[in-house]
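Source: prediction; values computed, not measured. Just so it is clear, the values below take in all heavy atoms, side chains as well, and ignore hydrogens, waters and symmetry mates.
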Amino acid sequence: MQGFDLQQKSKELLTGLDDYVKSHFEQFVKQYVDFFSAYCEKIYQMQQQGKKGAIAYIHFSVLRTNILLRKHVIRVDAYDERWYMDTVECSSGYHVEDIYCYLEKYGEIVEEMRSRSNGKISLAEAQKKVFVESNYYLFYTAELIRLGMRKALQTESYQKIRREPCFVVCMGGFMDRFDILYKDDCTIKDSGEVKRYLQSQKKTLFSYEIYENLDLSKGNYEGLEFQYSSFAGCDFTHSSWNKSRLAFSNFQNTTLKDTKMEKTKIFDTDFSGATLEQVSFAGAKLKYISFVGARLFQVDFSKALLAENINFQDAQIVDCKLPERR
């Protein structure tokens, strides 16, 4: 429509939202933690009354009807291990006005375009544009929840609710596909089975895998990609991670001896307290990495790109090849 550049308007609104979120980040996190703590208290009271069992899922549901009604609330439900078959409702609403008010402005622009189109743009087409645009706002909300969970886990109300050994916080449509935002999995796992599963190459991208304190030595994990996963306390002696990708993952207190990490891409991953001996990072790219308190012996970072925020605080570094930062 003449006088409207919808793509440009979208970009301007998202830029405004991005600036607002960054400048009010701590406020957003506090609001989420306060909400989550109160919701966990509700779950706890229902458990005390015998109305709810151990919780396996907390699901944030984005309802299209709420978007159309400009009701900026995300539905939250707690389910036991039966998930949607859990018939005892435990619902709440997470208010997201500060984020979705920008989407509302976008919807107003789309509606004005429709009113000026003389019937060329139908109501259904206008609504579809808003639904598609809402995916950007869902991303912001999901990331705030993902980051907010780090502090929410420390609240007393969360600590006292009964949870299943595998507990998931997720977001998606109501009773529809979802994305995991947090996962705690303390189920007992067999080292051999895990190693065979990872080496099978049946899949190469993994998210929220939790394999802790396992013997995964002598393994070939080349070319695999892990996001938001934990291998804390695992043994990767005589293993290869060449050309793999690690993001937002946990390698705290792991053992990596005679381990190949060549041409890996590692982002925001924690190796604090780990033991690295005769490990090769040659050709790797590392950014936002913690080696705090780690023990590094004959570790080769030659020809590796150590970008920003590589933390070697209190690390023991002996006979290592460290390249100059670029």
Taking the six-membered ring of Y102, is the NZ or CZ of K105 close enough (under 6.0 Å from the centre) and on axis enough (within 45°)?
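Yes, K105 sits over the ring of Y102.
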Both conditions, 6.0 Å and 45 degrees, for the charged tip of K183 above the ring of Y208: are they met here?
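Checked: cation-pi criterion not met.
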With side chains defined as the heavy atoms from C-beta onward, is the minimum distance between [X] and [Y] less than 4.5 Å?
{"X": "T141", "Y": "M171", "value": "yes"}
{"X": "I99", "Y": "L144", "value": "yes"}
{"X": "E41", "Y": "K160", "value": "yes"}
{"X": "L198", "Y": "E209", "value": "no"}
{"X": "Y197", "Y": "Y211", "value": "yes"}
{"X": "H24", "Y": "D98", "value": "no"}
{"X": "V62", "Y": "I67", "value": "yes"}
{"X": "I266", "Y": "M261", "value": "yes"}

Pick from F167, Y84, Y57: which one makes a ring pair (Phe, Tyr, Trp, His ring centres under 6.0 Å) with Y79?
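Per the ring pair (Phe, Tyr, Trp, His ring centres under 6.0 Å) rule, the option paired with Y79 is Y84, out of F167, Y84, Y57.
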With no hydrogens and no angle check, is any side-chain donor or acceptor of [X] less than 3.5 Å from a backbone partner on [Y]?
{"X": "E81", "Y": "E164", "answer": "no"}
{"X": "S229", "Y": "Q227", "answer": "yes"}
{"X": "S10", "Y": "L6", "answer": "no"}
{"X": "R163", "Y": "Y158", "answer": "yes"}
{"X": "S134", "Y": "V132", "answer": "no"}

Are the ring centres of [X] and [Y] closer than 6.0 Å?
{"X": "Y106", "Y": "Y137", "value": "no"}
{"X": "F36", "Y": "Y94", "value": "no"}
{"X": "F236", "Y": "F231", "value": "yes"}

Flag yes if [X] and [Y] sit in one hydrophobic cluster, no otherwise; membership is Ile, Leu, Val, Met, Phe, Trp, Tyr, and two members link when side-chain heavy atoms are under 4.5 Å apart.
{"X": "F251", "Y": "I310", "value": "yes"}
{"X": "L147", "Y": "V33", "value": "yes"}
{"X": "V292", "Y": "F297", "value": "no"}
{"X": "I210", "Y": "F226", "value": "no"}
{"X": "V73", "Y": "I145", "value": "no"}

Does a sphere of radius 6.0 Å around CZ in R150 hold more than 12 heavy atoms from other residues, nucleotides or ligands, not counting ones at 6.0 Å or beyond?
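Check fails, neighbour count at 12 or below.
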[X] [atom1] to [Y] [atom2] distance, which is reported to the nearest 0.5 Å:
{"X": "K11", "Y": "D18", "atom1": "NZ", "atom2": "CG", "result": "12.0 Å"}
{"X": "L181", "Y": "M149", "atom1": "CG", "atom2": "CE", "result": "8.5 Å"}
{"X": "E108", "Y": "M113", "atom1": "CD", "atom2": "CE", "result": "14.5 Å"}
{"X": "L256", "Y": "T237", "atom1": "CG", "atom2": "OG1", "result": "7.5 Å"}
{"X": "N309", "Y": "L286", "atom1": "CG", "atom2": "CG", "result": "12.5 Å"}
{"X": "L305", "Y": "K265", "atom1": "CG", "atom2": "NZ", "result": "11.0 Å"}

Applying the side chain to side chain donor-acceptor pair (under 3.5 Å) test to S240, which of K260, E222, E262 qualifies?
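Going through K260, E222, E262 one by one, the side chain to side chain donor-acceptor pair (under 3.5 Å) with S240 is satisfied by E222 alone.
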Show the nearest heavy-atom pair for residues [X] and [Y], with the distance to one decimal.
{"X": "T204", "Y": "Q201", "answer": "CG2-OE1, 3.5 Å"}
{"X": "N253", "Y": "G273", "answer": "OD1-O, 3.3 Å"}
{"X": "G233", "Y": "T254", "answer": "N-CG2, 3.9 Å"}
{"X": "Q298", "Y": "C320", "answer": "N-SG, 3.8 Å"}

Apart from V88 itself, which Ile, Leu, Val, Met, Phe, Trp or Tyr residues share its cluster (side-chain heavy atoms under 4.5 Å, direct or through members)?
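Via sub-4.5 Å side-chain contacts, V88 links to M46.
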Assign the ring pair [X] / [Y] to parallel, tilted or perpendicular, where the plane angle (0 to 90°) is split at 30° and 60°.
{"X": "Y221", "Y": "W241", "result": "tilted"}
{"X": "F291", "Y": "F271", "result": "parallel"}
{"X": "Y39", "Y": "F35", "result": "parallel"}

Would R146 and E143 satisfy salt bridge (Lys or Arg N to Asp or Glu O under 4.0 Å), going step by step from the backbone distance to the final call?
CA-CA 5 Å; R146 198 191 308 272; E143 286 306 301; 3.0 Å; yes
Check the pair S37 / S157 against side chain to side chain donor-acceptor pair (under 3.5 Å), numbers first and verdict last.
CA-CA 6 Å; S37 178; S157 55; 2.8 Å; yes
Quick one, R70 with Y100, criterion side chain to side chain donor-acceptor pair (under 3.5 Å). Give me CA distance, side-chain angles, the key distance, then yes/no.
CA-CA 8 Å; R70 300 179 183 180; Y100 276 74; over 6 Å; no
I'd like to know whether R116 forms a salt bridge (Lys or Arg N to Asp or Glu O under 4.0 Å) with E112, so could you lay out the CA-CA distance, the side-chain angles of the two residues, the decisive distance to 0.1 Å, and finally the verdict.
CA-CA 6 Å; R116 293 187 182 186; E112 186 174 350; 2.7 Å; yes
Looking only at side-chain N and O atoms, does D258 offer a donor or acceptor that is under 3.5 Å from a partner on Q278?
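No.
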Do Q45 and Q49 have side-chain N/O donor and acceptor atoms under 3.5 Å apart?
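Not at all, the side chains of Q45 and Q49 share no donor-acceptor pair under 3.5 Å.
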For D5 and K9: C-alpha separation, side-chain torsions, deciding distance, then whether salt bridge (Lys or Arg N to Asp or Glu O under 4.0 Å) applies.
CA-CA 6 Å; D5 185 339; K9 291 293 184 182; over 6 Å; no
Salt bridge (charged side-chain N to carboxylate O under 4.0 Å, His left out) with K52: which of D77, D86, D80?
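Option passing the salt bridge (charged side-chain N to carboxylate O under 4.0 Å, His left out) with K52: D86.
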